[in-house]
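Here's the structure we're looking at; comments come further down.
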Number of protein chains: 2
Amino acid sequence: MAQKNRTRFAILGMLAFQPMSGYDIKKIVDNSIAYFWKENYGHIYPMLAELSREGLIKLQGRDRKKETKGGPERKVYAITEQGKKAVKEWLYQPHAAENSRIELLLKLFFGMLVPMEISIAAIERERDAAINILKELKSIRKQAHAGEQNETSLFPLITLSYGEKHYKAVIEWCEETIAFLKKTTKGMKK
Amino acid sequence: MAQKNRTRFAILGMLAFQPMSGYDIKKIVDNSIAYFWKENYGHIYPMLAELSREGLIKLQGRDRKKETKGGPERKVYAITEQGKKAVKEWLYQPHAAENSRIELLLKLFFGMLVPMEISIAAIERERDAAINILKELKSIRKQAHAGEQNETSLFPLITLSYGEKHYKAVIEWCEETIAFLKKTTKGMKK
DNA sequence: AGGAGTATATATCAGACTGATATATTAATG
DNA sequence: CATTAATATATCAGTCTGATATATACTCCT
């Protein structure tokens, strides 16, 4: 196997919190962990079918939320005992190193091919994006603190603090780098 | 198009420094930018063929390095004027947000499913890995400072400082989080 | 009443990316 | 001269992404 499928475990883990539809899973991922994990419908729906075939989850029923505005019935899936066992097994295993690809840095690495202003502008956009994400994290933290505190709510808080630390570091680096490049450019123009 | 192919531009950018073989490109990527970008042979070789067909690079010749120990002849590719134009165009364009997936955080998010020691051990492994990468970055910085300073060498230094800042932040977060979780566990055991 | 607009929901696909493996060449080693 | 190790190219199954297609049912407006 070239890679292990992690969407599988992301879905199982989410269903361990509560039964949900594919649409719900996407919503929750987008609203609570998007700063470190993303999922696509293109992966979620086929995986729900697969997990269902394997007996790790099962279709609990079809319904329509009361607070919902419209749309077709939701297919709500629940995790099975077998499914819970599978996530736990995965949680026990150490994971491989991430293979991040940071396009900004790749572009900066080739910065000698374009005028300095282009590189600086790219870093400024990165800084602004990071500031926005940090704002979102602030609102997630607010929600988290408003809810009840228990053992389960502990873990979302530590992933949150990772996000905060990361984006603060990114912003810092952007500021420093912009200043550095501007100084260098001025020096070169003489 | 679902995504844009970035391997294409990574290869073109590398060939803008100097003519190289696919094997060389992989080596350079692994040794100088692996902390923010990775490439596979599985992507490099087909892309070299494609870029060659499109006239963005051309086969400069086959040779064997003097300092090399053995192996078959290298196919050395050089970037063409058209290829240079293509990278530059790409460099001018703003890039989309990254979609990082941090498996450690996903596992921690589901931490309530396993004993606390399992989560703590995972963070400890992350911290150790980050410490090792930081060491590698230190050696890259040493090499960089040893070489001649010019406009081109400027950019690798700023990507390097991103890496340093990032991994330092990760280590900090790991230390704080481990301490926090240990304290919490002790409190719970009473 | 009916049409437009919008949120909900499931599904599929081309193309990008990964990690492993297969194949072959040549130098150095013993 | 067989073995080992480094060099080099190539291919493939499986994962992941982003876009798009299809359809349902509610709300709002005229």
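In the text below, chain A, chain B and the rest are named by the order of the sequence lines, each starting its count at 1.
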Measure the shortest side-chain to side-chain distance between B:Ser32 and A:Phe109 over non-hydrogen atoms and say whether it is less than 4.5 angstrom. yes

Could you say whether B:Ala96 or B:Lys75 is positioned toward the 5' end of DNA chain D, judged by the nucleotide with the nearest heavy atom to each? B:Lys75

Minimum-distance nucleotide (side-chain atoms of B:Arg6 versus C:dC17, D:dT15, C:dT10): C:dC17

Is the shortest side-chain N/O distance from A:Ser21 to OP1 or OP2 of C:dT8 below 4.0 Å? no

Let me know the distance between CE of A:Met20 and C1' of C:dT10, rounded to the nearest Å. 17 Å

Ranking D:dA8, D:dC16, D:dA10 by distance to the side chain of B:Asp24, first place goes to D:dA8

A side-chain contact here means heavy atoms from C-beta on lying under 4.5 Å apart; do B:His166 and A:Ile102 qualify? no

Hey, are B:Arg101 and A:Thr7 close enough side-chain-wise for a donor-acceptor pair under 3.5 Å? yes

Given D:dT15, is OP1 or OP2 found less than 4.0 Å from the side-chain N or O atoms of A:Thr7? no

Taking atom P of C:dG15 as reference, at what distance in whole Å does atom NE2 of B:His43 sit? 13 Å

Which of residues 26-40 of chain B sit near DNA chain D, with a heavy atom under 4.0 Å from it? B:Lys27

Would you mind reading off the distance between B:Arg74 atom CZ and D:dT7 atom C1', rounded to a whole angstrom? 10 Å

On the nucleotide C:dT10, are OP1 or OP2 found under 4.0 Å from the side-chain N or O atoms that A:Tyr45 carries? yes

Out of C:dA16, D:dA10, D:dG18, which has the shortest distance to the side chain of B:Asn99? D:dG18

Which whole-number value in Å describes the distance from A:Asn5 CG to C:dT18 C1'? 13 Å

I want to check something: taking the side chain as every heavy atom from C-beta on, are A:Phe110 and B:Met14 in contact at a cut-off of under 4.5 Å? yes

Whole angstrom is fine here: how far is it from CD in B:Glu50 over to P in C:dC17? 11 Å

What orientation do B:Tyr41 and B:Tyr23 show, parallel under 30°, tilted 30 to 60°, or perpendicular over 60°? parallel

The correct set of residues in residues 100-111 of chain B placing a heavy atom under 4.0 Å from DNA chain D is B:Arg101

For the pair made of CE in B:Met47 and C1' in C:dG15, what is the distance, rounded to whole Å? 11 Å

Which of parallel (below 30°), tilted (30 to 60°) and perpendicular (above 60°) describes B:Phe9 and B:Trp90? parallel

Rounded to whole Å, how long is the line connecting atom CD of B:Glu98 with atom P of C:dA16? 17 Å

Consider the side chain of B:Pro46, meaning its heavy atoms from C-beta on, and name the nucleotide among C:dT12, D:dT9, D:dT11 that approaches it most closely. D:dT11

Hey, are the side chains of A:Asn5 and A:His43 touching, using non-hydrogen atoms and a 4.5 Å cut-off? yes

Any non-hydrogen side-chain atom of B:Phe155 less than 4.5 Å from a side-chain atom of A:Ser119? yes

Compare side-chain N and O positions of A:Lys4 against OP1 and OP2 of C:dT18 and report whether any pair is under 4.0 Å apart. no

In terms of side-chain geometry, is the basic nitrogen of A:Arg125 or A:Glu103 positioned less than 4.0 Å from the acidic oxygen of its partner? no

Salt bridge or not between A:Arg8 and A:Glu89? Use side-chain N to carboxylate O under 4.0 Å. no

Nearest whole angstrom, please: distance from the C1' of C:dC17 to the CD1 of B:Ile11. 12 Å

Would you mind classifying the nucleic acid contact of B:Gly22 as base, sugar-phosphate or nothing, using non-hydrogen atoms under 4.0 angstrom? sugar-phosphate

5'-most by nearest nucleotide on DNA chain D - B:Tyr23 or B:Gly42: B:Tyr23

